[in-house]
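I have placed the structure first, in the form of structure tokens, so that the comments after it can refer back to it.
Sequence lines set the chain letters: A, B, ... in the order given, protein chains first and strands last, and positions in each chain run from 1. Keep in mind that the numbers below use all heavy atoms, side chains included, and drop hydrogens, waters and symmetry copies.
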Amino acid sequence: AQTVTQSQPEMSVQEAETVTLSCTYDTSESNYYLFWYKQPPSRQMILVIRQEAYKQQNATENRFSVNFQKAAKSFSLKISDSQLGDTAMYFCAFMKPLYNQGGKLIFGQGTELSVKP
Amino acid sequence: GAGVSQSPSNKVTEKGKDVELRCDPISGHTALYWYRQRLGQGLEFLIYFQGNSAPDKSGLPSDRFSAERTGESVSTLTIQRTQQEDSAVYLCASSLGYTDTQYFGPGTRLTVL
């Protein structure tokens with residue numbers, strides 16, 4: 001069974017600085033998807049970034065980028081120029097889609113990020 | 001366009017009562033998922049619907065939990081004879097297809113007294 005581990009329960013960063021959140025996963029699959037979601041206090045889960053395992057290029061979305069190391073099974077999230085609105089719980093998630101089982105997400109335990117002014 | 005909506009936003013119930021939670025997916029999304037999030041935890045998969053196919057119920061924790069979906073529309077998650085350990089936020093997500101990104105609703109916070 002696949003597992004996702006986020007080893008940093010809490011992190012903090014000063015506004016405008018850069019922070020990196022760690023995620024490792026365990027799978028024997030070769031084709032899969034990885035995600036970062038953020039969950040602010042409103043509890044709405046918001047997609048931050050998505051990475052297909054078959055793509056070697058790291059995904060980026062504005063200030064958010066990932067470092068995807070397939071052999072090491074590592075998928076870290078870098079947030080540049082941190083903003084107060086980035087304060088949230090961040091979840092790393094793994095997906096191996098199968099037609100009869102869908103694309104159920106397997107989540108890590110989360111990293112609570114605080115951006116300080 | 002409208003996102004995924006869920007109702008009620010909050011539900012407080014007494015142990016032993018039945019509760020019904022509702023999810024309205026994004027229009028046109030064929031896949032729908034239910035997840036449970038206990039306090040301070042990540043999300044746990046409960047059930048998956050894809051069009052008119054038989055649902056994947058492998059994540060349901062007990063036979064007190066059931067869910068229905070008619071076609072590609074609304075879904076309801078029912079918990080019978082609620083227990084205190086059922087207290088959690090229940091999140092619904094939908095996606096265009098089973099390989100696509102899931103978009104989440106705001107969740108229902110269930111508190112069982």
Side-chain angles (χ1 to χ4, degrees), chain A residues 1-10 21 23-25 29 31-55 59 61 64 66 75 88-112, chain B residues 2-6 8-10 23 25-26 29-60 67 69 72 75 88-110:
Chain A
Q2 291 88 358
T3 59
V4 177
T5 302
Q6 293 179 248
S7 59
Q8 305 152 314
E10 298 178 356
L21 280 58
C23 173
T24 58
Y25 57 95
E29 303 286 348
N31 294 317
Y32 49 86
Y33 300 82
L34 295 163
F35 301 84
W36 280 97
Y37 280 89
K38 68 182 276 190
Q39 187 179 40
S42 67
R43 80 172 181 240
Q44 176 83 51
M45 292 285 285
I46 301 166
L47 175 70
V48 175
I49 204 161
R50 167 184 166 123
Q51 174 81 44
E52 289 84 358
Y54 65 84
K55 291 186 177 178
E61 284 290 340
F64 299 88
V66 297
F75 183 61
M89 182 74 87
Y90 285 79
F91 290 99
C92 177
F94 171 99
M95 180 174 85
K96 168 61 181 180
L98 298 169
Y99 180 75
N100 61 338
Q101 295 181 13
K104 56 187 169 187
L105 293 165
I106 299 169
F107 285 86
Q109 293 298 298
T111 296
E112 187 165 6
Chain B
V4 178
S5 61
Q6 292 186 245
S9 178
N10 292 283
C23 172
I26 294 172
H29 281 196
T30 63
L32 186 147
Y33 305 80
W34 284 96
Y35 295 88
R36 178 172 71 177
Q37 185 177 27
R38 289 185 160 137
L39 186 64
Q41 303 287 314
L43 281 69
E44 307 167 74
F45 166 78
L46 295 177
I47 189 167
Y48 156 68
F49 294 92
Q50 173 68 49
N52 293 315
S53 302
D56 174 10
K57 304 179 182 180
S58 61
L60 294 179
R69 186 186 188 196
E72 296 179 2
S75 175
V89 175
Y90 290 83
L91 290 149
C92 173
S94 70
S95 61
L96 272 174
Y98 71 99
T99 64
D100 296 300
T101 296
Q102 294 172 38
Y103 295 90
F104 284 80
T108 294
R109 181 180 298 281
L110 175 67

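In the model, A:Tyr32 has a side-chain atom that pairs as donor or acceptor with a side-chain atom of A:Tyr25 under 3.5 Å.
For B:Gln37, the part lying near chain A is the side chain, with the backbone staying farther off; criterion is any non-hydrogen pair under 4.5 Å. For chain A, the nearby part of B:Ser58 is the side chain; its heavy atoms alone come within less than 4.5 Å. Only the side chain of A:Met95 has a heavy atom closer than 4.5 Å to any heavy atom of chain B. When heavy atoms are compared at a cutoff of 4.5 Å, A:Leu98 approaches chain B solely by way of its backbone atoms N, CA, C and O. Only the side chain of A:Leu47 comes within contact range of chain B, with at least one heavy atom under 4.5 Å from a heavy atom of that chain. Heavy-atom distances place no part of B:Thr30 under 4.5 Å from chain A, backbone and side chain included. Looking at A:Gln39, the atoms closer than 4.5 Å to chain B (heavy atoms on both sides) all sit in the side chain, from C-beta outward.
Within residues 49-57 of chain B, the residues having any heavy atom closer than 4.5 Å to a heavy atom of chain A are B:Gln50, B:Ser53, B:Asp56, listed by residue number.
Chain A forms more heavy-atom pairs under 4.5 Å with one residue of B:Gln41, B:Arg109, B:Glu44, B:Gln102 than with any other, namely B:Gln102.
In this structure, B:Thr108 contributes its side chain and B:Pro8 its backbone to a donor-acceptor pair below 3.5 Å. Looking only at distances, no side-chain donor or acceptor of A:Gln51 sits under 3.5 Å from a matching main-chain atom of A:Val66. Under the 3.5 Å distance criterion, the side-chain polar atoms of A:Gln8 are left unmatched by any main-chain donor or acceptor of A:Thr111. Between the B:Tyr33 side chain and the B:Ser95 main chain, no donor and acceptor come within less than 3.5 Å of each other.
Using cut-offs of 30° and 60° on the angle between ring planes, the pair A:Phe107 and A:Phe91 is perpendicular.
Residues that satisfy the ring-ring contact (aromatic ring centres under 6.0 Å, His included) test with B:Tyr90, not counting sequence neighbours, are absent from this structure.
The distance from the OG1 atom of A:Thr24 to the CD atom of A:Gln6 is 9.0 Å, given to the nearest 0.5 Å. The CZ atom of B:Phe104 lies 5.0 Å from the OH atom of B:Tyr35; values are rounded to the nearest 0.5 Å.
Residue A:Arg50 places its CZ atom among more than 12 non-hydrogen atoms of other residues, nucleotides or ligands, all under 6.0 Å distant.
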